[in-house]
Protein chains: 2
Amino acid sequence: MASQRGEGDLTTPLEPADRERARAIPEAAVARLAVYLRVLSGMADQGVTTVSSEELSTAAGVNSAKLRKDLSYIGSYGTRGVGYDVEVLVSHIERILGLTRKHSVAVVGIGNLGHALANYGGFPGRGFPVTALFDVDDDLVGVPVGGIPVNHIEDIQRVCAEREVSIGVIATPPPAAQGVCDRLVSAGVQCILNFAPVVLQVPDNVEVRKVDLAVEMQILSFHVARRADEAANDLVNGIGVDGMVIRP
Amino acid sequence: MASQRGEGDLTTPLEPADRERARAIPEAAVARLAVYLRVLSGMADQGVTTVSSEELSTAAGVNSAKLRKDLSYIGSYGTRGVGYDVEVLVSHIERILGLTRKHSVAVVGIGNLGHALANYGGFPGRGFPVTALFDVDDDLVGVPVGGIPVNHIEDIQRVCAEREVSIGVIATPPPAAQGVCDRLVSAGVQCILNFAPVVLQVPDNVEVRKVDLAVEMQILSFHVARRADEAANDLVNGIGVDGMVIRP
DNA sequence: TACCGCTTGTGAACGCATGCACAAAGTCGG
DNA sequence: CCGACTTTGTGCATGCGTTCACAAGCGGTA
């Protein structure tokens, strides 16, 4: 048990054992870890010190076995017969997710969405300070939004370097997205969160996550349609909408 | 070829063959179909009439085999040796995704994000008109946002019924989310898009999709950390940051 | 008409993620 | 100190999704 680590030390960030684990964590599990972390933080705020996999999993909306497996990816920090120490788990997940380091965020495209993002003011969950804003519109340049003055998009490279931006958020109209993305990449940004409904082309060393409202809506639409369809289907098969069989 | 269907006819929406297929489409494939649809629409606008799986797949950022399999879920609409007719594919995907019907959207929580969403004015991709806005703040009630006056949250049930809302969007602060969700559900809304960082509890017949910025950021953070870690690891193993071996 | 080249559609193999079920391991009460 | 109870951690089986590879099918050409 020779662990316990300082904050954001980039040269020796994790013990070798943890390091190999970090490689092996499935993407899906990483997303859930973030959810567990939020639930755990809430519990810690309420003074809860210990939690079982059963409690935590229901609060996070997953299967308890899945939860335990997810936690096992990052090591064994529970006590059999008791559960998990909330504080320990929180700090351990934070370390695995790299949250001991601050991640400076730049938002590009200060339209409606960009405004909303900038005004979140330090992203939800903290640890993600927005330190730079960009837009093409000269009228916006210099105007402070959420306390930060907007820079012109031409200055991306310089400003991102100065402020050590590690995450770029693209909130531009679709046609501008790829160009902005290219600039962010050439400015050394390796992680991009893309709100524009465009498939971005990036080099292998850059990580892109996309948030696509249109796609989300259309997935919901699909389910509406499927349901309406099943209902119609059941009707012609003699089953009423309430599940009662009409013609037995 | 006894197909071709009218618009949003809820009683006989799909041919039996299509109906069974719709059940079987994997969730992941549905999400990609929405992406294909967008790419195809763009192509159609540029006058492209035919596209091969290879072209379409690279434009959509996926493997060509995956694309063909995805399309096979919705039927065989390609021509061997030639490719797919863009128009045919567009209208077929639209039908499968249920986009021949308009889906009325309600946004709850008119803060920064709610404003941004309301102002999108008919959601990206069209076919998702925002027809109702809600907030608890009395000062907001009656104020038009994006052309639609805000209603008080107490009136959700009545207004949603009147305007036949089929999709509810939750953009409230976290503590309010579950309450709002419950009201939407009791108002008969069966599809919810949740922007609040909360795990919603809903009955089985309700479909929830969540957009969680904090989680997205944390996933990116994880990759930043993993990368920094690999770099450190490679350094101690004698591999420089540019991939060159220092001590062979 | 018969051949050739191109592209689709899909059977089959593979790999990843999920869920089950249980042994291991710890606590607590007597 | 021991035994009963609780909860973790994980080996294993199952199912889903992705990828490969190729036969089937179509248009163009001679």
Side-chain angles (χ1 to χ4, degrees), chain A residues 1 17-18 20-36 40 43 48-89 92-93 96 215 219 222, chain B residues 1 17-18 20-36 40 43 48-90 92-93 96 219 222:
Chain A
M1 298 287 149
D18 288 345
E20 298 200 9
R21 280 201 196 93
R23 284 185 213 278
I25 303 178
E27 187 79 12
V30 174
R32 286 191 297 268
L33 283 173
V35 175
Y36 304 152
L40 285 165
M43 288 176 168
V48 179
T49 58
T50 296
V51 67
S52 73
S53 65
E54 198 61 40
E55 296 170 283
L56 184 51
S57 67
T58 53
V62 302
N63 182 303
S64 74
K66 194 189 293 188
L67 171 95
R68 289 199 298 277
K69 183 145 291 195
D70 287 344
L71 292 184
S72 80
Y73 290 130
I74 65 171
S76 301
Y77 288 80
T79 306
R80 292 167 193 237
V82 178
Y84 300 90
D85 182 293
V86 174
E87 294 286 349
V88 169
L89 215 47
H92 197 74
I93 295 178
I96 291 286
V215 168
I219 293 171
F222 171 77
Chain B
M1 294 280 153
D18 288 343
E20 299 202 7
R21 280 200 197 96
R23 283 186 213 277
I25 303 178
E27 187 78 13
V30 175
R32 286 192 296 269
L33 283 173
V35 175
Y36 304 152
L40 285 165
M43 287 176 168
V48 179
T49 58
T50 296
V51 67
S52 73
S53 64
E54 197 61 39
E55 296 170 284
L56 183 52
S57 67
T58 55
V62 301
N63 183 303
S64 75
K66 194 189 292 188
L67 172 96
R68 288 200 299 277
K69 182 140 289 193
D70 287 344
L71 293 183
S72 80
Y73 290 130
I74 64 171
S76 300
Y77 287 81
T79 307
R80 294 168 193 236
V82 178
Y84 300 90
D85 182 292
V86 175
E87 294 286 350
V88 169
L89 216 45
V90 164
H92 197 75
I93 294 178
I96 291 286
I219 293 171
F222 171 77

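Every heavy atom of this structure was used, including side-chain atoms; hydrogens, water molecules and symmetry mates were not. Every chain is numbered from 1 and lettered A, B, ... according to where its sequence line falls, protein lines coming before strand lines.
Residues B:Tyr84 and B:Arg68 are in side-chain contact: their nearest non-hydrogen atoms beyond the backbone lie under 4.5 Å apart. Counting heavy atoms from C-beta on, the side chains of A:Val30 and A:Tyr73 never come closer than 4.5 Å. Considering only heavy atoms from C-beta on, A:Asp85 stays 4.5 Å or farther from A:Thr79 through its side chain.
If you take CZ of A:Arg80 and P of C:dC28, they are 17 Å apart, rounded to a whole angstrom. If you measure from atom CG of A:Leu67 to atom P of C:dA17, you get 17 Å, rounded to the nearest angstrom. Straight-line distance from the CG atom of B:Leu89 to the P atom of C:dT7: 16 Å, rounded to whole Å. Remark: P of C:dT8 and NZ of B:Lys66 are 17 Å apart, rounded to the nearest angstrom. Computed from coordinates, the B:Arg32 CZ to D:dC16 P distance equals 15 Å when rounded to whole Å. Between the CG atom of B:Asp85 and the C1' atom of D:dC26 there is a distance of 15 Å, rounded to whole Å.
Separation of atoms NE2 (B:His92) and CG (B:Leu33) is listed at 9.5 Å; rounding is to 0.5 Å.
For the OP1/OP2 pair of D:dT7 and a distance below 4.0 Å, the side-chain nitrogens and oxygens of A:Ser53 include no atom meeting the criterion. Contact between the side-chain N/O atoms of B:Tyr84 and the OP1/OP2 oxygens of D:dC26 is not found at any separation under 4.0 Å. Side-chain N/O atoms of B:Thr79 include none lying less than 4.0 angstrom from OP1 or OP2 on D:dC26. At least one side-chain nitrogen or oxygen of A:Asn63 sits closer than 4.0 Å to the OP1 or OP2 atom of C:dC20.
Two residues, A:Ala29 and A:Arg68, neighbour DNA chain C, and the one matched to the more 5' nucleotide by heavy-atom proximity is A:Ala29.
Judged by atom type and distance alone, B:Lys69 does not reach the base of D:dT18 through any side-chain donor-acceptor pair under 3.5 Å.
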